[in-house]
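Okay, structure first, notes after.
Here the structure is a predicted model, which means the values were calculated and not measured. If you read the sequence from its start, that first residue is 1, and numbering goes on from there.
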Amino acid sequence: MSKPFKTLDEQISILKSRGLIIPDEEAAKLSLLCNNYYNVINYYSKFFMVGGTDNYLPDVSFNEILSVYYFDKEIKSSFLNDTLDLEKCLKSLIAYYFSEAHSEDYSYLNVNNFDCSKITKTVNLISGISKTIAQKEREKIDNSVKHYLNHHFNVPLWVIMNYLSFGQVVQFYELMKQSDQNKIAKRFSDFSNKALNTTTVHLDSKKLLSYLKNIHEIRNITAHSNKFIGFKCKENAHYLNELHSLYNIGNNDSKQDVFNVFVTMRIFLAPGNFTTFNNSIRKRMVHLSKNVNSIDVNEIFEKLGFPYDWYKLPAKQL
């Protein structure tokens with residue numbers, strides 16, 4: 001059956017008929033108009049409804065639902081900002097070590113410089129990079145690709161990296177020769193040991209790639225305004241004792257939720273940056289806990305994978 005258009009007044013009437021308290025109807029109308037009834041109500045209401053019905057639990061306020069909507073939006077922003085830092089680092093490392101091993105012009109367009117067992121994927125990656133170069137060359141405005149073509153007759157990898165998506169960069173790493181992958185994994189092992197104050201972390205390429213793929217999935221969610229709460233990655237992240245044991249995550253536990261990606265970010269960000277990231281998530285959780293009163297706010301945080309009352313822990317224990 002089709003869903004007929006409903007005016008703002010009709011939308012408010014429907015919500016009230018289901019038992020939702022709306023303290024300021026004009027403000028609620030404006031929120032629904034600017035954010036879309038479907039985006040705010042259809043998903044975030046489920047935390048506040050009597051199971052198996054369209055009716056709300058007692059004393060649920062429209063403002064609580066709106067607070068959850070904004071919470072979801074704000075933590076996505078935090079994840080997006082910090083994955084941008086990770087992306088810059090990954091691009092730089094790949095450009096350095098790949099170019100060191102393959103120094104000829106346009107070495108990244110030569111299929112023989114990649115894993116020979118993944119030819120089809122490599123050809124598709126190279127095709128995408130070639131199209132990016134051609135597109136930048138056709139642009140009327142100046143850019144670094146045109147500059148290098150006009151003055152050096154070559155576009156180095158460290159230049160074209162700036163125009164590749166995070167997904168392309170993760171795939172680039174996946175398709176590199178094992179020896180080249182290992183050099184990058186070694187660097188991230190060094191970063192991990194510093195972040196975790198240990199010397200025992202030795203990341204291999206498969207473990208590193210599992211983290212990068214899950215972070216990429218999270219990145220896609222944050223960049224395209226999809227819902228964060230309840231999201232799970234396609235695959236489990238590989239277990240790293242030095243990291244996961246700090247959060248009471250076992251080898252056989254599921255490691256696909258947002259909390260596990262949050263944990264993984266610790267080994268990719270500088271310690272100070274991760275502390276800031278950590279505190280931003282905690283601050284938003286504390287703020288939501290003050291604005292949600294009709295249910296236990298942990299029901300929402302649980303959908304992200306965060307442990308019960310995690311946001312109440314002292315900062316040094318997070």
Subject >> Face-on cation placement of K227 at Y43 ring, 6.0 Å and 45° thresholds >> reply: yes
Original post:
Donor-acceptor pair, D204 side chain versus K207 backbone, under 3.5 Å?
Top reply: yes
**OP:** Classify the side-chain pair D190/N193 by whether it contains a donor and acceptor separated by less than 3.5 Å.
**Re:** no
Original post:
Would one find more than 12 heavy atoms of other residues, nucleotides or ligands at under 6.0 Å from atom CD of E235?
Top reply: no
Original post:
Does the S13 side chain pair with the main chain of D9, one donor and one acceptor, at a distance under 3.5 Å?
Top reply: no
Original post:
Is the closest side-chain donor-acceptor distance between N63 and N291 under 3.5 Å?
Top reply: no
Original post:
What's the shortest heavy-atom distance between T53 and N55, and which atoms?
Top reply: OG1-N, 3.1 Å
Original post:
Are any side-chain N or O atoms of H224 and backbone N or O atoms of N220, one a donor and one an acceptor, separated by less than 3.5 Å?
Top reply: yes
**OP:** Taking S189 for its side chain and L203 for its backbone only, find out whether a donor-acceptor pair lies under 3.5 Å.
**Re:** yes
**OP:** Verify the distance criterion only: is there a donor paired with an acceptor across the side chains of E242 and S192 at less than 3.5 Å?
**Re:** no
**OP:** Say whether D115 and S117, considering side chains only, have a donor N or O and an acceptor N or O under 3.5 Å apart.
**Re:** yes
**OP:** Give a yes or no on this: more than 12 heavy atoms of other residues, nucleotides or ligands lie within 6.0 Å of atom CG of N42.
**Re:** yes
Original post:
What pair of heavy atoms forms the shortest contact from K303 to I229, and how long is it?
Top reply: CB-CG2, 3.5 Å
Original post:
Is atom NZ of K46 surrounded by more than 12 heavy atoms (other residues, nucleotides or ligands) closer than 6.0 Å?
Top reply: yes
Subject >> Any N214 side-chain heavy atom under 4.5 Å of T264 side chain >> reply: no
Subject >> Heavy atoms of other groups near H287 NE2, more than 12 under 6.0 Å >> reply: no
**OP:** Locate the shortest heavy-atom distance separating K29 from L8; write the atom from each residue and the value.
**Re:** O-CD2, 3.7 Å
Original post:
Is the CG atom of D59 crowded by more than 12 outside heavy atoms at less than 6.0 Å?
Top reply: no
Original post:
Mind checking whether L243 and Y239 have side chains closer than 4.5 Å, heavy atoms only?
Top reply: no
Side-chain donor-acceptor pairs of residues 144-153 under 3.5 Å, sequence neighbours excluded:
residue : atom : partner : partner atom : Å
S144    : OG   : Y163    : OH           : 2.8
K146    : NZ   : E139    : O            : 2.5
N150    : ND2  : K146    : O            : 3.0

Original post:
Is there a donor-acceptor pair under 3.5 Å between the side chain of N278 and the backbone N or O of F274?
Top reply: no
Original post:
Side chains of D253 and H244: donor-acceptor distance under 3.5 Å anywhere?
Top reply: no
Original post:
So, does N143 use its side chain to make a donor-acceptor pair with the main chain of K136 at under 3.5 Å?
Top reply: yes
**OP:** Considering non-hydrogen atoms only, spot the tightest contact between D180 and A101 and give its length.
**Re:** OD1-CB, 3.4 Å
Original post:
If we only count heavy atoms from C-beta on, is the I12 to L32 side-chain gap below 4.5 Å?
Top reply: yes
Subject >> For the student: nearest non-hydrogen atoms of Y106 and V155, plus distance >> reply: OH-N, 3.5 Å
**OP:** Could you tell me which non-hydrogen atom of F5 sits nearest to which non-hydrogen atom of E10, and how far apart they are?
**Re:** O-OE1, 4.0 Å
Original post:
Could you walk me through whether Y97 and Y173 pass the ring pair (Phe, Tyr, Trp, His ring centres under 6.0 Å) check?
Top reply: CA-CA 11 Å; Y97 286 110; Y173 178 75; over 10 Å; no
Subject >> is_close_aromatic(F191, F188), centroid dist under 6.0 Å >> reply: yes
Original post:
Is a side-chain N or O of N298 found less than 3.5 angstrom from the main chain of D309, in a donor-acceptor match?
Top reply: yes
Original post:
So do N182 and K186 actually touch side chain to side chain, heavy atoms under 4.5 Å?
Top reply: no
**OP:** Applying ring pair (Phe, Tyr, Trp, His ring centres under 6.0 Å), run through Y44 and Y70 and close with a yes or a no.
**Re:** CA-CA 10 Å; Y44 300 104; Y70 281 119; 9.7 Å; no
Original post:
Under the 3.5 angstrom rule, does the side chain of S92 hit a backbone N or O of C89 as a donor-acceptor pair?
Top reply: no
Original post:
Got T222 and S77 here, is their nearest side-chain heavy-atom distance under 4.5 Å?
Top reply: no
Original post:
Is the backbone of N112 close enough, under 3.5 Å, to the side chain of K177 for a donor and an acceptor to pair up by distance?
Top reply: yes
**OP:** Determine the sole option in F47, W310, F262, Y311 for which the ring-ring contact (aromatic ring centres under 6.0 Å, His included) test with F301 is passed.
**Re:** Y311
**OP:** For residues E302 and Y308, determine if any side-chain heavy atom of one lies less than 4.5 Å from a side-chain heavy atom of the other.
**Re:** no
**OP:** Report the C-alpha distance between F306 and F259 in whole Å, list the side-chain angles of each, state the deciding distance to 0.1 Å, and finish with yes or no for ring pair (Phe, Tyr, Trp, His ring centres under 6.0 Å).
**Re:** CA-CA 5 Å; F306 282 81; F259 178 68; 4.8 Å; yes
Using a 3.5 Å cut-off and no angle test, enumerate the donor-acceptor pairs between side-chain atoms of residues 119-129 and protein atoms at least two apart in sequence or in another chain.
residue : atom : partner : partner atom : Å
T122    : OG1  : K118    : O            : 2.8
N124    : ND2  : T120    : O            : 3.4

Original post:
Do K88 and K91 come within less than 4.5 Å of each other through their side chains, counting heavy atoms only?
Top reply: no
**OP:** Verify side-chain hydrogen bond (donor to acceptor under 3.5 Å, both in side chains) between Y96 and R187, making sure each step is shown before the conclusion.
**Re:** CA-CA 12 Å; Y96 182 89; R187 277 298 181 185; over 6 Å; no
